[in-house]
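Have a look at the structure below before the remarks.
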Amino acid sequence: MPVVTLPDGSQREYPAAVSVAEVAASIGAGLAKAALAGRVNDRVVDTSYLINEDAALAIITDKDPEGLEVIRHSTAHLLAQAVKRLYPTAQVTIGPVIEQGFYYDFAFGRSFTPEDLIEIEAEMTRIVAENYPVSREELSRDEAIAFFRNLGEEYKAKIIEDIPANETLSLYRQGEFVDLCRGPHVPHTGRLKAFKLTKVAGAYWRGDSKNEMLQRIYGTAWPDKKALDAYLERIAEAEKRDHRLLAKRLDLYHIQPEAPGEIFWHPKGWRLVNVLREYLRNVQQDAGYEEINTPLLVDEVLWQQSGHKAKFGNEMFSVSSENHTYLIKPMSCPCHIQIFKDQLRSYRDLPIRYAEFGHCHRSEPSGTLHGLMRVRGFVQDDGHIFCTEEQIQEEVLGFIDQLHRVYRDLGFTHLNYKLSTRPENRVGSEEVWDKAEQALAAALDARGLNWQLQPGEGAFYGPKIEFSMPDCLGREWQCGTIQVDFSMPERLGAYYISEQGDKKPPVMLHRAILGTFERFLGILIEQHAGKFPLWLAPTQVAVMTIASRHDEYAHNLTKSMKNKGLRVNLDLRNEKIGFKIREHTLQYVPYLVVIGDKELEQGTVSVRTLAGKELGSLPLDQLIEQLVAEVNRKGHDLED
RNA sequence: GCCGGAGUAGCUCAGUCGGUAGAGCAACUGAUUCGUAAUCAGUAGGUCGUGUGUUCGAUUCACAUCUCCGGCACCA
């Protein structure tokens, strides 16, 4: 006599074991129709699940996040069924739900083409129309292995072999198709109404590049057509923010085949870089850093000592001259240590903070290059803090605060925090790694930040906090970082004299706020969709004349504004004012100044904002004052 | 690096089932001196990513190669 407790607290008693679907039906026909799954005592189960003792139950529909997940998971099965019908030699492997959709990996003799996707999708629609019930059955592990071997599904059998022998596995059957799966799934294939296959790609079996490559098909699925269309439109909109497109339109940089992964910065893009650089100089100066500069080419001997050569030799560019091989620096830390150890340091000197806008190169694999986000030549806002163990906590906290200030100034409100811990390939003792990892975790906790652990993802010399942000399509990129390093100073023979008079290696903190100017600007462009706040905008003001008799006046006021440090573009072309307004608007210039007879007579300027708001005529001095104030405010709200 | 897709004028794209290519915008020239998102007319512009092969003939077919795009693996 199970008693079922519903989310509103009400209870229903049933004479015998009852399925989730039957409970839903006993509540109402609408709910029975909408039920996709059930949550029984916090476990998500099929609607066919039998409740035989007292339990809490929530009926899951497509309004619940779990419901959407079930839909996507079942759509992955639907995809696999369609593929098996059309291409019987394809073998199924795994088909998980991912953010916004799902994928399924197949082992198949050839690649799927975009044309195949259309046919597969049509077959999926057919299977939906055939409306098969989705049923669950259980098998022992060994039975399951035999079952899939018998079907010729070698990959599935291999997956099951990795599962402990005593476990019972569940299979899901819909029509002729059977797949190993934990579930739960929708009750009928007819419940899958809105899906789209989005792309094909290769993917390594078990995620290991030593293994063969499988064929992965990605798709997305939603409760109804409207939600699917809304999603597709959202993606299309997001793509318009892509920094690669905007940068072309705004004339910021280009890349060409002779220098893959290297940026040709155009004047306007370089202005952005310089604005950021000057801003960071000030921030770092305030935080007690001294700016230094170190060589681009350094003898490979140093990289051997530091450990870089052994771990990352393949990714470093090299240059030979006379009898030496020089490696182009992939980072600046060993060089900073050279400056530290160039004189005898005392504990009284610590912490020593060095900063460098370090121009580095890394020979990144060709397939990874991506606009400004992943390049081979870049400038890091690199910095190293040499300190004692006791000073670590304070320095890490100070850095996090400093980073937050910068990100806020630049218009970011949200970033993701990750703690990456010891990788397999590493230097330093376990004890030292323990200390370093704990120090970073403690700092994150001290600031009350929500962070995610990434085991094994740390640098070879130490763990790191990663500060990352998503691009316009949701791909995450690491920007800022701080890393604790107990090893490299000692490897390179850097010491200070402690209070007790003995030589000790300093702790080294590697840190970057932006990470690299290139990647950060990519994110920044997408964040603002190319419409930069005044203090960052490459061109802040466009001055345009109505007729050539206004040229001299326009020249003079442009000069006055430039003298106040504003970046002004003077447009004297013989074009109609509407044409000029349009062009500068499309270039996202924040302030447009129009000069005609009226302004000439009154000694004023007519001002219009990028958003199309007319500020009317005002004296030049007043405009300059307003703009300079806005620049200094760094775009923080006018209201506060 | 691996799998797949793509590369035609400065940009966005059309086209050629093998007979050396076309539009819009931009550029240039001329006219227009104009008040808040496109003034009009004309001109010029391409060894169809690169190389090799097949062919009477290749931008089109084949092979190789480079770069870009989407994933995968990588990311100090």
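Computed from a predicted model, the values in this text were never measured in an experiment.
- Note: A/Phe112 and A/Tyr87 meet the aromatic proximity criterion, with ring centroids under 6.0 Å apart.
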So what's the dot-bracket for RNA chain B: Watson-Crick or G-U pairs under 3.5 Å, [ ] if a pair crosses, | if it pairs off-strand?
(((((((..((((.....[..)))).(((((.......))))).....(((((..]....))))))))))))....

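- Annotation: proximity of residues 99-114 of chain A to RNA chain B (heavy atom, distance under 4.0 Å) is found for A/Ser111, numbered in ascending order.
- A/Pro257 comes within 4.0 angstrom of the backbone, heavy atoms only, and of no base.
- Contact annotation for A/Glu599: base contact, defined as any heavy-atom pair under 4.0 Å involving a base atom.
- The same atom, C1', is picked in B/G46 and in B/G7; the two are 14 Å apart, to the nearest Å.
- Residue contacts for A/Thr545: at a heavy-atom cut-off of 4.0 Å it reaches no nucleic acid atom on any strand shown.
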For residues 354-361 of chain A, run the donor-acceptor check on the side chains, cut-off 3.5 Å, and write out each pair with its distance to 0.1 Å, sequence neighbours left out.
residue: A/Tyr354; atom: OH; partner: A/Arg345; partner atom: NH2; Å: 3.2
residue: A/Glu356; atom: OE1; partner: A/Thr294; partner atom: OG1; Å: 2.7
residue: A/Glu356; atom: OE1; partner: A/His336; partner atom: NE2; Å: 2.7
residue: A/Glu356; atom: OE2; partner: A/Thr294; partner atom: N; Å: 2.9
residue: A/Glu356; atom: OE2; partner: A/Thr294; partner atom: OG1; Å: 3.1
residue: A/Glu356; atom: OE2; partner: A/Lys329; partner atom: NZ; Å: 2.9
residue: A/His361; atom: NE2; partner: A/Glu262; partner atom: OE1; Å: 3.2

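- Aromatic pair A/Phe102/A/Tyr104: ring centres not closer than 6.0 Å.
- Across all strands shown, A/Gly207 has heavy atoms under 4.0 Å from sugar-phosphate atoms exclusively, and none from any base.
- Spacing between B/G51 and B/G10 at atom C1', rounded to whole Å, works out to 26 Å.
- Nucleotides B/G19 and B/A37 have their P atoms positioned 48 Å apart, rounded to a whole Å.
- Atom CG in A/Asp381 sits 5.5 Å away from atom CZ in A/Phe517 (nearest 0.5 Å).
- First and last contacting nucleotides of RNA chain B toward chain A (any atom under 4.0 angstrom from a heavy atom, 5' to 3' order): B/G1 to B/A76.
- With salt bridges taken as basic N to acidic carboxylate O contacts below 4.0 Å, one links A/Asp242 and A/Arg244.
- For A/Lys311, the NZ atom counts as densely surrounded, since its 6.0 Å shell holds more than 12 non-hydrogen atoms of other residues, nucleotides or ligands.
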Would A/Glu237 and A/Lys240 satisfy salt bridge (Lys or Arg N to Asp or Glu O under 4.0 Å), going step by step from the backbone distance to the final call?
CA-CA 5 Å; A/Glu237 273 310 303; A/Lys240 292 183 189 158; 2.9 Å; yes

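- For A/His243, there are no ring-ring contact (aromatic ring centres under 6.0 Å, His included) partners at least two apart in sequence or on another chain.
- For the C1' atom pair drawn from B/A6 and B/A76, the interatomic distance equals 33 Å after rounding to whole Å.
- Taking CZ from A/Arg72 and CG from A/Leu79, the interatomic distance works out to 14.5 Å, rounded to the nearest 0.5 Å.
- Atom CD of A/Glu212 sits in a crowded spot, with more than 12 heavy atoms from other residues, nucleotides or ligands closer than 6.0 Å.
- Within a 6.0 Å radius of NE2 in A/His370, more than 12 heavy atoms belonging to other residues, nucleotides or ligands are found.
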A/Leu509 and A/Arg353: side chain to side chain contact (heavy atoms under 4.5 Å, CB included), yes or no, with the steps?
CA-CA 9 Å; A/Leu509 305 178; A/Arg353 305 185 191 90; over 6 Å; no

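- Heavy-atom neighbours of A/Glu233 CD from other residues, nucleotides or ligands within 6.0 Å: at or below the threshold of 12.
- By the 6.0 Å contact criterion, CD on A/Glu99 is open, its count of non-hydrogen atoms from other residues, nucleotides or ligands being 12 or less.
- Between A/Arg549 and A/Asp597, at least one side-chain nitrogen of the basic residue sits less than 4.0 Å from a carboxylate oxygen of the acidic one, meeting the salt-bridge criterion.
- Using atom C1' as the reference point in both B/C56 and B/A14, the two lie 30 Å apart (nearest Å).
- B/U8 and B/G24: their C1' atoms are spaced 15 Å apart (whole Å).
- A residue-by-residue look at A/Gly371 and A/Leu610 shows that A/Leu610 has its nearest nucleotide of RNA chain B further toward the 5' end.
- Of the residues in residues 575-596 of chain A, those placing a heavy atom less than 4.0 Å from an atom of RNA chain B are A/Glu575, A/Lys576, A/Ile577, A/Gly578, A/Phe579, A/Ile581, A/Arg582, A/Thr585, A/Leu586, A/Val594, A/Gly596, in numerical order.
- Of the residues near RNA chain B, A/Arg475 and A/Glu614, the one whose nearest nucleotide (by heavy atom distance) lies more toward the 5' end is A/Glu614.
- With rounding to the nearest 0.5 Å, the separation of CG in A/Leu570 from CG in A/Asp551 is 7.5 Å.
- Among the atoms of the strands shown, base atoms are found under 4.0 Å from some heavy atom of A/Asp597.
- Residue contacts for A/Ala203: at a heavy-atom cut-off of 4.0 Å it reaches the sugar-phosphate backbone alone, with no base atom in range.
- A/Phe467 and A/Tyr407 have their aromatic ring centers separated by at least 6.0 angstrom.
- Contact check of residues 212-222 of chain A against RNA chain B (heavy atom, cut-off under 4.0 Å) returns A/Met213, A/Gln215, A/Arg216, A/Tyr218.
- Residue pairs meeting the side chain to side chain donor-acceptor pair (under 3.5 Å) criterion with at least one member in residues 578-591 of chain A, sequence neighbours excluded, are A/Arg249-A/Tyr588, A/Lys268-A/Gln587, A/Thr545-A/Lys580, A/Asp571-A/His584, A/Arg573-A/Glu583, A/Tyr591-A/Glu630.
- Each salt bridge (charged side-chain N to carboxylate O under 4.0 Å, His left out) pair with one or both residues in residues 509-519 of chain A, not counting sequence neighbours, would appear here, but there are none.
- A heavy atom lying under 4.0 Å from RNA chain B marks the following residues of residues 258-268 of chain A, by number: A/Pro260.
- No engagement by A/Gln256 is indicated, since no non-hydrogen atom pair under 4.0 Å with the nucleic acid exists.
- Each of A/Gln483, A/His510, A/Gln478, A/Glu457 was compared with A/Lys464 under the side chain to side chain donor-acceptor pair (under 3.5 Å) criterion, and only A/Gln478 meets it.
- Qualifying salt bridge (Lys or Arg N to Asp or Glu O under 4.0 Å) partners for A/Arg426, counting only residues two or more places apart in sequence or in other chains: A/Glu430.
- Listed by residue number, A/Arg244, A/Lys248 are the residues of residues 239-251 of chain A with a heavy-atom contact under 4.0 Å to RNA chain B.
- A donor-acceptor pair shorter than 3.5 Å cannot be found between the side chains of A/Tyr155 and A/Asp105.
- The gap from the C1' atom of B/A9 to that of B/U20 amounts to 16 Å, rounded to the nearest Å.
- Across the C1' atoms, B/U54 and B/U12 are found 35 Å apart, a figure rounded to whole Å.
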